[in-house]
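Heads up: the structure comes next, in structure tokens.
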Amino acid sequence: MDNNTNCCPVKNGLGKLMCSVLPVFVFLLAAGYIIHHIWLMPIYEQTATLWRPVGEMKDMMPLMLVYYAALSVAITALFRKAKKGREAVCAAASETECKIGGKYCPVKFGVCFGSIIGLLMGTLCAGSYIWTPIPGELAIKWFIGDMIQGIGAGIVLSMICYWKKKV
């Protein structure tokens with residue numbers, strides 16, 4: 001059995017993981033509110049027969065919070081694992097290359113990581129168009145919204161890691 005604790009981003013680092021999960025959770029929740037309750041609400045109102053009634057939606061709020069919490073944990077754990085590879089690159093690079101604006105800028109890393117997460121989330125969500133009678137415009141906007149959430153989560157995580165090194 002492998003005793004290498006670097007294989008699991010959660011093992012021996014649950015406290016660090018949770019300190020990063022909370023800001024990601026808050027970001028995803030806030031972005032989700034803006035995307036779904038402001039930007040997409042006109043489309044949801046036009047397709048009201050496809051969705052639960054407002055009262056039922058309010059009853060689902062605890063499940064939505066669990067969804068965002070689980071998503072935040074998964075994104076953060078994946079980020080921590082990906083960051084291990086970046087740290088190896090920065091160990092061999094000059095200090096200025098790994099600062100904001102440098103060749104290995106943490107924000108660039110966050111955007112790259114977040115783009116992959118957003119692509120995954122957006123593809124899964126927009127793929128509902130195949131099975132559900134939703135407008136194509138909604139599928140496209142879901143994809144864009146998930147890309148925004150993924151990139152934003154990547155930037156939040158990269159800035160947390162950068163800030164922790166500065167303190």
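Just so we're clear, the structure is a prediction, and the values are computed from it rather than from any experiment.
- Looking at every heavy atom in both residues, Cys19 comes nearest to Pro23 through O-CD, 3.1 Å.
- Separating the SG atom in Cys112 from the CD1 atom in Ile151 is a distance of 10.0 Å, to the nearest 0.5 Å.
- In the hydrophobic clustering of this structure, Val107 groups with Met147; members are Ile, Leu, Val, Met, Phe, Trp, Tyr whose side-chain heavy atoms approach within less than 4.5 Å, directly or through other members.
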Residue pair Lys83, Phe113: steps toward the side chain to side chain contact (heavy atoms under 4.5 Å, CB included) verdict: CA-CA 9 Å; Lys83 190 173 77 85; Phe113 173 82; over 6 Å; no
Decide side chain to side chain contact (heavy atoms under 4.5 Å, CB included) for Leu119 and Phe143; before the verdict, give the C-alpha distance in whole Å, the side-chain angles of both, and the deciding distance to 0.1 Å. CA-CA 8 Å; Leu119 181 63; Phe143 181 82; 3.8 Å; yes
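- Contact detail for Ala153 and Leu28: the closest heavy-atom pair is CB-CD2, 4.4 Å.
- Annotation: the span from Leu40 atom CG to Ile34 atom CD1 amounts to 12.0 Å, rounded to 0.5 Å.
- Linking ILVMFWY residues whenever their side-chain heavy atoms come closer than 4.5 Å, directly or via other members, places Ile148 and Ile43 in the same cluster.
- Ile75 places a side-chain heavy atom less than 4.5 Å from the side chain of Met121.
- Among all heavy-atom pairs drawn from Ala139 and Ala126, the shortest one is O-CB, 3.3 Å.
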Given Tyr129 and Leu138, is the side chain to side chain contact (heavy atoms under 4.5 Å, CB included) satisfied, shown in steps? CA-CA 8 Å; Tyr129 177 75; Leu138 181 58; over 6 Å; no
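- Between Ile117 and Leu78, the closest heavy-atom pair is CD1-CD1, 4.0 Å.
- The two residues Pro106 and Ser158 have their closest heavy-atom pair at O-CB, 3.0 Å.
- Other residues, nucleotides and ligands place more than 12 heavy atoms under 6.0 Å from the OH atom of Tyr68.
- You'll find the side chain of Cys161 reaches within 4.5 Å of the side chain of Phe79, heavy atoms only.
- Clustering ILVMFWY residues whenever any of their side-chain heavy atoms sit less than 4.5 angstrom apart, transitively, puts Phe27 in a cluster other than the one holding Ile35.
- Using a 4.5 Å heavy-atom threshold, the side chains of Leu29 and Leu65 count as touching.
- A pairwise comparison of heavy atoms in Gly32 and Gln149 identifies N-NE2, 3.3 Å as the closest pair.
- A single hydrophobic cluster is not seen to contain both Met64 and Met57; linkage of ILVMFWY side chains at heavy-atom distances under 4.5 Å, directly or through other members, places them apart.
- You'll find the side chain of Trp142 reaches within 4.5 Å of the side chain of Ile134, heavy atoms only.
- The same ILVMFWY cluster, assembled from side-chain heavy atoms under 4.5 Å apart, contains both Met61 and Leu71.
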When you look at Trp39 and Ile144, which way does the side chain to side chain contact (heavy atoms under 4.5 Å, CB included) test go after all the steps? CA-CA 11 Å; Trp39 186 42; Ile144 293 167; 4.0 Å; yes
